[in-house]
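Here the structure comes first, spelled out in structure tokens, and everything after it is commentary.
By convention in this document, chain letters (A, B, ...) are assigned in the order of the sequence lines, proteins followed by strands, and residues within each chain are numbered from 1. From a predicted model like this one, the values you see are computed outputs, not experimental measurements.
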There are 2 protein chains.
Amino acid sequence: MNAVPGLAAPSAQLRSAAHVVLFPTLDRSRALPRAARPQISCNACALRGACISADFSAAEMGAFEELAQVKRRLRGAQHLYRTGEPAESLYVVRSGFMKSSVVTSDGREQVTRFHMMGDLTGLGAMAGQPHTTDAVALEDTEVCEIPFAALQRLTLRVPQLQHRLYCLMTQELQAQREALVLLGTMRAEERVAAFLLDLGQRYRTLGFSASRFVLRMSRADIGSYLGLRLETVSRLLSRFQVEGLLSVEGKSVHILDSEGLLALIGQS
Amino acid sequence: MNAVPGLAAPSAQLRSAAHVVLFPTLDRSRALPRAARPQISCNACALRGACISADFSAAEMGAFEELAQVKRRLRGAQHLYRTGEPAESLYVVRSGFMKSSVVTSDGREQVTRFHMMGDLTGLGAMAGQPHTTDAVALEDTEVCEIPFAALQRLTLRVPQLQHRLYCLMTQELQAQREALVLLGTMRAEERVAAFLLDLGQRYRTLGFSASRFVLRMSRADIGSYLGLRLETVSRLLSRFQVEGLLSVEGKSVHILDSEGLLALIGQS
DNA sequence: CGGTCTTTTGAACGCGGTCAACAGCCGTGG
DNA sequence: CCACGGCTGTTGACCGCGTTCAAAAGACCG
């Protein structure tokens, strides 16, 4: 897999989606020593619009940027945090791909959410309790770390931040409710179709193609998220392919008939 | 069903749980005209410990009480709010029983949560967006209405309220994550067992019996919540009964072997 | 190049859904 | 009082979806 951390993230996404390569030379950043990499400012960040600070003024951005200075880099399969660990920060995914999951006492794993660039993780621990999920990088990933305490202090100076945080928690609740509907009311083929369309939409809001993308997670992870066995996911992807709805090759997906997929889940 | 609204709520719960009757004469409140019922103060409320204001000082309680003056009473099957309606308040269930559910565009219903006394509903709309769920009373129910705007104003005077609100949203997230695990990883018998044990625990935290209670919702509602058909729920309740795990008669449940139920869901 | 992990595909089984009939319960009205 | 219709819950019989087990092919990595 050609995961490229940090600066090269947008081009990594584009390449893997068979798009134009914006900054081909940036691949050299892979070789850059950690400390030598230049610190990106929030203002210059490609994710400005998607971040917590989306609608901040220039002055507010400055204050926010101080909080978000710490970046953490993770290799694939590395944990960002684990259930039970004390929670002091929330994290914005700058590049790469993550999953959040709950592991039950008898060892069953339930993936609760996939996080792509611009997504937050760690919100569940905003109130100071220890983490109740695991967060794992599915490929090389970089996150901005934002300490809760400092963020709370900033709300005193930036009034609308409070509201923004409520919005973000609400979005999280909303997303989980949709996952509940998916698991509670849909059949396997509907779940897989809905999953692919949703993933496409999320890529679209980041400026990438909604119909052509790479599945960064394993079939087992998709299955866990959808409440299905990995074999079922694999079978359905194959079936969708012979039905002409999409084409799959390993992890790359090309949706050919999004109307058809929508029809599968009962929406015109 | 002997649903008793308003003041008689605690005794209604106790009676249905075959417990001591605290205020037997309060049953007469059923006949009281609406306007004549005395306004209960937050200080005297039986739910003090469970409410938003749990750890407020006397002065703070006074301020909070002003917000929560409006009560709304609902008959069974009546909506508190509907998807798409503007959201201005959150609600604390004072007595009775409610469900929150999402209805998909093709008419399928997913119950996302049951609310009993002391529970909140409407948190999902804290950030000012319209409601994304329906909230329906499953029996005669009374709720305290707490306007968001006034609550936000109060956070300026009561610093720990902000934190309390984050706690409540976090609890909501946590509850939904557990529902996800239930739907994603458990088999039908595990789901029903987990549901009954959870319901028992929630009654216990309110001071009622964890092993003897009344199901206020229909089998169809239980099924929707658990991602099962109502027939499956019914069959499993019957099977648990012949296995000696519990006894059911209509809506009353008596858990005889909670260890056995726990074992079913893979916990010793 | 061998070893490990992931993915695909096949074959068979069983859980839970579906359809249907019936019982119980309750409020309504004759 | 019973008759009635509507609604909820129970139970049976059957079937199909998704799981399970297994084998082999493919992808990745030292």
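In this structure, Leu230(B) atom CG and dT8(D) atom C1' are separated by 9 Å, rounded to whole Å. Atom CG in Leu226(A) sits about 15 Å away from atom C1' in dT19(D), given to the nearest Å. We find that CG of Leu215(A) is positioned 10 Å from P of dT8(C), with the value rounded to whole Å. As a whole-Å value, the separation of Glu249(A) CD from dC28(D) P is 11 Å. One atom, CD of Glu189(A), and another, P of dG18(D), lie 7 Å apart when rounded to the nearest Å. Atoms CZ (Arg229(A)) and C1' (dT20(D)) sit 9 Å apart, rounded to a whole Å. Put simply, CG on Asp221(A) is 9 Å from P on dT6(C), counting in whole angstrom units.
The 5' end of DNA chain C is approached more closely, in terms of each residue's nearest nucleotide, by Leu237(A) than by the other of Met186(B) and Leu237(A).
Contacts of Ser218(B) with the nucleic acid, taken as non-hydrogen atoms under 4.0 Å apart, involve only primed sugar atoms and P, OP1 or OP2. Looking at heavy-atom distances under 4.0 Å, Gly227(B) makes contact with sugar-phosphate atoms alone, never a base.
Nearest to the side chain of Glu231(B), among dC19(C), dC17(D), dT10(D), sits dC19(C). Closest to the Lys251(B) side chain, of the nucleotides dG9(D), dT18(C), dT7(C), is dG9(D). Closest approach to the Arg235(A) side chain among dG18(D), dT10(D), dT9(C) is made by dT9(C) (side chain taken as heavy atoms from C-beta onward). Ranking dT8(C), dT20(D), dG17(C) by closeness to the Leu228(B) side chain, first place goes to dG17(C). Each of dT7(C), dT18(C), dT8(D) was ranked by its minimum atom distance to the side chain of Ser234(A); first place goes to dT7(C). Proximity note for Ala188(B) (side chain, C-beta onward) versus dT11(D), dT18(C), dG16(C): the nearest is dG16(C).
Residue-environment remark: CZ (Arg108(A)) exceeds the threshold of 12 foreign heavy atoms within 6.0 Å.
Using bins of under 30°, 30° to 60° and over 60° for the plane-to-plane angle, the ring pair Tyr81(A)/His131(A) lands in the parallel bin.
The phosphate of dC17(D) has neither OP1 nor OP2 within less than 4.0 Å of any side-chain N or O from Thr232(A). Proximity of Arg187(A) to the phosphate of dG18(D): no side-chain N or O atom is located under 4.0 Å from OP1 or OP2.
Of the options Arg216(B), Lys251(B), Lys99(B), a salt bridge (charged side-chain N to carboxylate O under 4.0 Å, His left out) to Asp221(B) is made by Lys99(B) and by none of the others.
No side-chain donor from either of Arg204(A) and Ser209(A) sits under 3.5 Å from a side-chain acceptor of the other.
Proximity of Arg219(B) to Leu237(B): side-chain heavy atoms (C-beta onward) are separated by under 4.5 Å at one or more points.
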